[in-house]
Number of protein chains: 2
Amino acid sequence: MEKRADQQQALLLLYPALRTLPASQLAALCQAATPLQLPTSREVFAEGQTCKGFPLILHGTIKVVKISAGGREILLYRVPAGDSCVITSSCLLAGSPYSARGIAETPVSLLLLPIAVFEELVATSRPFRDFVFRLFAERIAELMQLVEEVAFHRLDQRLAKLLLARGDAIYCTHQALAEELGSVREIVSRLLKNFAAAGFVSLAREQIVVVDRAGLRQLADAGR
Amino acid sequence: MEKRADQQQALLLLYPALRTLPASQLAALCQAATPLQLPTSREVFAEGQTCKGFPLILHGTIKVVKISAGGREILLYRVPAGDSCVITSSCLLAGSPYSARGIAETPVSLLLLPIAVFEELVATSRPFRDFVFRLFAERIAELMQLVEEVAFHRLDQRLAKLLLARGDAIYCTHQALAEELGSVREIVSRLLKNFAAAGFVSLAREQIVVVDRAGLRQLADAGR
DNA sequence: CGATGTATGTAACCGTGGTCACAGAGGGTA
DNA sequence: TACCCTCTGTGACCACGGTTACATACATCG
């Protein structure tokens, strides 16, 4: 099978933790895993749902969000290729249901490892175990940081930081930025207008160009 | 050593995950661990610090908080006896520094496991591994919930929820409640006054008695 | 070309919650 | 008793950000 061999290659490139596995175990793993393709905007998992396996993401990114009663949305974190969605791991390991929604931000292809396979890997492979722990640790640190920002930082600072993290030319709608921040479109538009007036960015339809990174940086870091 | 035997007893009671260890390994573990006593308000770890070991808490509770530039504080979670501070685990496993502060809320006694011992336990003991994973999973779920609440819920709702979780008679200052919520004393006082006016609670110095749980509940759950 | 849908600009309005500045009140100690 | 310290009450004030309600711009498609 050409296809399957390619898949193994891709897997090893993205997940160095799997490189130390004996070839037989790797083959067994690929055998047992379910490959899945998800279109953009497809819901990967819903809040309150129990979970089916441990996903290894090969292409694309998944966003994990909380949605408020009023329909507002906030991004908790992203899961890019090479990572796995720890919220899923959470469920696997604690047996608790999901507490957020996962949505494919791009077309996504992933391998879904059955729970039994996952548990065996964690038990037998030190690199894989380290990989999983590291994922947990990073998510926890990110989430703690997010709590601090939501609780203590003004929206303009959070928006500035978001823009800085996105590179110099950002192609997305104000609505999308608002959802990432847990706010609403009008406010993001207003703040962006201020940024433009201050010469930090220039605006066009579905496009924000960062002109003065230093200025934005200073705003984002004000009072820390 | 009487003392050491007692310690092992306490450990097994609080940490069922350790019960399956062979006696020899358990003894070695207790041998290698450093017992620590911390007074109330002692800082257990600071933000940005790298970490010394994996703590098993025998008595008391530790609170983990973020502190804003302006000195305001928000509680991320508590670590009671029988748990371990996963933020520490995080650091252990990811090698990253702490991203929050830990403070003893009561007098605390704990055993600090050296990293090597912790890693061996995780590698060899399925119950211990499950225990650690479960801690991670629970913290992540809690933190996601916290993000949602801070981002989308009004302070009166969050305060109501906090009171409900604390039982019928709550002995603490408004300042302490404010710090738990990431707010300030004046606002908590104002909201409590409203609660009292609505007949939900009765107030005295360092004391809040919940009179109408149903009323508080309804407020806390409004719009979900 | 006009029509429709999506993204953006923008103004008026106001509720929540944070800041500041005090005034009392309760409780312990000299 | 007088003193002091902590906790609480309270009012004025205001900034941030969310809501509502439109008006425009821009793009795609029939």
Task: Between C1' of D/dG9 and CD of B/E186, the distance in whole Å - done: 10 Å

- [ ] For B/Y171 and D/dT8, give me the distance from atom OH to atom P, rounded to whole Å.
- [x] 14 Å

- [ ] For A/I74 and D/dG18, give me the distance from atom CD1 to atom P, rounded to whole Å.
- [x] 10 Å

TODO: Select base, sugar-phosphate, or nothing to describe what A/I187 touches, counting heavy atoms under 4.0 Å on all strands.
DONE: base

Task: NZ/NE/NH1/NH2 to OD/OE distance under 4.0 Å, B/R78 and B/D83 - done: no

Open item on the list: Is it the case that D/dG18 (base atoms only) and A/R185 (side chain only) share a donor and an acceptor within less than 3.5 Å, ignoring hydrogens and angles?
Closed with: no

Open item on the list: Categorize A/E206 for me: base, sugar-phosphate, or nothing, with a 4.0 angstrom heavy-atom threshold over every strand shown.
Closed with: sugar-phosphate

TODO: Return the orientation label for the B/Y15 and B/F131 ring planes: parallel under 30°, perpendicular over 60°, tilted otherwise.
DONE: perpendicular

Task: Length of the line joining A/R205:CZ and D/dT24:P, which is rounded to integer Å - done: 17 Å

Task: Nearest-nucleotide 5' precedence on DNA chain D, B/K193 against A/S183 - done: B/K193

Open item on the list: Quick check: on DNA chain C, is the nucleotide nearest A/A151 upstream (toward 5') of the one nearest A/C172, or the reverse? Name the residue that is more 5'.
Closed with: A/C172

Open item on the list: What contact category does A/R190 fall into here, base, sugar-phosphate, or nothing, at under 4.0 angstrom with non-hydrogen atoms?
Closed with: base

Task: Closest approach of A/K66 to B/F152 (non-hydrogen atoms, all atoms of both residues) - done: O-CE1, 4.1 Å

Open item on the list: Measure CZ/B/F152 against C1'/D/dT19 and give the value in whole Å, please.
Closed with: 16 Å

TODO: Mark yes when over 12 heavy atoms from residues, nucleotides or ligands other than A/Q207 sit less than 6.0 Å from its CD; otherwise mark no.
DONE: yes

Open item on the list: Taking any atom closer than 4.0 angstrom to a non-hydrogen atom of chain B, what span of DNA chain C does the protein reach, first nucleotide to last?
Closed with: C/dT16 to C/dG27

TODO: Rounded to the nearest angstrom, tell me the gap between atom CD in A/Q175 and atom P in D/dT19.
DONE: 12 Å

- [ ] Quickly, which of B/Q175, B/R166, B/R158 forms a side chain to side chain donor-acceptor pair (under 3.5 Å) with B/E180? Name it, please.
- [x] B/R166

Task: Phosphate OP1/OP2 of D/dC7: any B/H174 side-chain N/O under 4.0 Å - done: no

Open item on the list: I'd like to know if the side chain of A/E105 pairs up with that of A/T61 as donor and acceptor (distance under 3.5 Å, no hydrogens or angles considered).
Closed with: yes

Open item on the list: Mind checking if A/R154 touches a base, just sugar-phosphate, or nothing, with heavy atoms under 4.0 Å?
Closed with: sugar-phosphate

- [ ] Indicate yes or no: does B/R72 engage B/E179 in a salt bridge with an N to O separation below 4.0 Å.
- [x] no

